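Comments concern the structure below.
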There are 2 protein chains.
Amino acid sequence: MLSRIEQICSDKGLKMTDQRRIIAQVLSESIDHPDVDLVYRRATELDPRISIATVYRTLRLFEEANILEKHDFGDGRARYEEASGDHHDHLINIKTGEVVEFYNQEIEAMKQQIAKDLGFELVDHRLELYATPSVSNESPDDDSSF
Amino acid sequence: MLSRIEQICSDKGLKMTDQRRIIAQVLSESIDHPDVDLVYRRATELDPRISIATVYRTLRLFEEANILEKHDFGDGRARYEEASGDHHDHLINIKTGEVVEFYNQEIEAMKQQIAKDLGFELVDHRLELYATPSVSNESPDDDSSF
DNA sequence: TTATGTGCAAAGAGTTTGCCAGCTA
DNA sequence: TAGCTGGCAAACTCTTTGCACATAA
């Protein structure tokens with residue numbers, strides 16, 4: 001069965017190779033926001049006949065086809081997620097690196113308004129919240145090498 | 001006369017060298033958000049006896065001393081501005097690279113609230129609007145290599 | 001069959017660092 | 001003078017690319 005992303009690729013008429021299929025599958029199944037190296041490791045686990053250069057090339061291809069979204073959470077590495085159409089912002093747990101997605105209609109409206117007030121037309125935007133879990137009865141094993 | 005930043009350095013007890021003084025001056029006088037290379041070029045203009053490594057080291061030193069703020073506007077280069085205490089966000093003119101600062105109390109409050117609602121404590125945040133000038137009677141020579 | 005994709009290794013951009021000479025306090 | 005600082009070049013990380021071979025359509 002085709003992965004979600006492979007289906008989109010075929011709809012868009014992209015030439016599909018084994019490598020692209022694997023990378024499409026990896027990202028279809030990723031619920032986190034993996035960086036290039038993590039995509040590469042997940043991909044080679046499924047099929048070792050794949051190089052890091054192909055991962056870079058394919059991620060860029062998918063991004064340019066609006067199949068993936070590329071993010072930069074400030075650590076100098078690109079991170080990817082499947083494009084979902086609906087815009088959302090990110091909260092990054094700086095203790096664990098975990099990314100929580102959220103959407104707030106009011107904030108979106110205000111972004112538009114602010115750009116307009118400054119005499120601009122909004123093309124893109126990003127809002128990232130860097131935060132630590134509130135002290136409460138959380139599981140204490142969240143802490144990692146982050 | 002001491003530049004604003006040099007004054008802060010001396011208050012903080014940092015050992016001052018000619019190089020650090022020059023870099024302090026460059027950033028005190030910069031009203032834009034220069035990247036490392038631009039700081040380097042402005043510095044060597046004032047005194048050629050300064051290396052790019054020193055610029056990197058000094059910018060990092062100043063950032064860690066909370067004298068400067070480091071930003072990443074998504075083009076893979078760090079950009080710096082004098083830390084002003086009062087938080088603000090940035091609108092980046094994607095036609096020219098120019099950066100406009102703005103502050104919106106409501107948005108700040110909402111960032112806090114969203115983090116709290118998700119069970120987090122806000123540590124840091126960034127909001128960037130990427131925009132083009134509204135079509136109006138602007139000077140048409142804004143367009144650059146950007 | 002032919003345009004396109006891939007692997008490999010080399011190259012690039014931005015940034016950091018080891019080492020020793022030089023300078024600040 | 002003691003110890004931090006700076007210059008230089010090498011090293012590092014992330015990403016891109018030239019080239020020859022492989023492959024989808």
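The shown structure was predicted, so the numbers you read here are calculated from the model rather than taken from an experiment. By convention in this document, chain letters (A, B, ...) are assigned in the order of the sequence lines, proteins followed by strands, and residues within each chain are numbered from 1.
Candidate nucleotides D/dG6, D/dT5, D/dT15 were compared by shortest atom distance to the side chain of B/T54, and D/dG6 ranks first.
DNA chain D is contacted by no residue of residues 23-41 of chain B, taking any non-hydrogen atom closer than 4.0 Å. Sorted by residue number, the members of residues 55-63 of chain A with any non-hydrogen atom under 4.0 Å from DNA chain D read A/Y56, A/R57, A/R60.
Salt bridge status for A/K70 with A/D35: absent, with no side-chain N to carboxylate O gap under 4.0 Å. Checked for salt-bridge contact, B/E63 and B/R60 miss the test: no charged N lies under 4.0 Å from a carboxylate O. Look at B/R42 and B/E45 and you find no salt bridge, because none of the NZ, NE, NH1 or NH2 atoms lies under 4.0 Å from a carboxylate O. Using a 4.0 Å cut-off between a side-chain N of Lys or Arg and a carboxylate O of Asp or Glu, B/R126 and B/D89 do not qualify as a salt bridge.
Atoms CG (A/L14) and P (C/dG5) sit 8 Å apart, rounded to a whole Å. Rounded to an integer number of Å, the gap from A/Y80 OH to D/dT15 C1' is 9 Å. Atom-to-atom, CZ of A/R77 to C1' of C/dA13 comes out at 18 Å; the value is rounded to the nearest Å.
Looking only at atom types and distance, the side chain of B/E69 has no donor-acceptor partner in the side chain of B/H87 under 3.5 Å away.
A distance of 6.0 Å or more separates the ring centres of B/H71 and B/Y80. The aromatic ring centroids of B/F102 and B/H88 lie 6.0 Å or more from each other.
If you run salt bridge (charged side-chain N to carboxylate O under 4.0 Å, His left out) between A/E6 and each of A/R21, A/K12, A/R20, only A/R21 comes through.
Between B/T17 and B/G76, the residue anchored closer to the 5' end of DNA chain C is B/G76, taking for each the nucleotide with the nearest heavy atom.
Using a 4.0 Å heavy-atom criterion, one finds that B/I52 contacts no nucleic acid atom at all.
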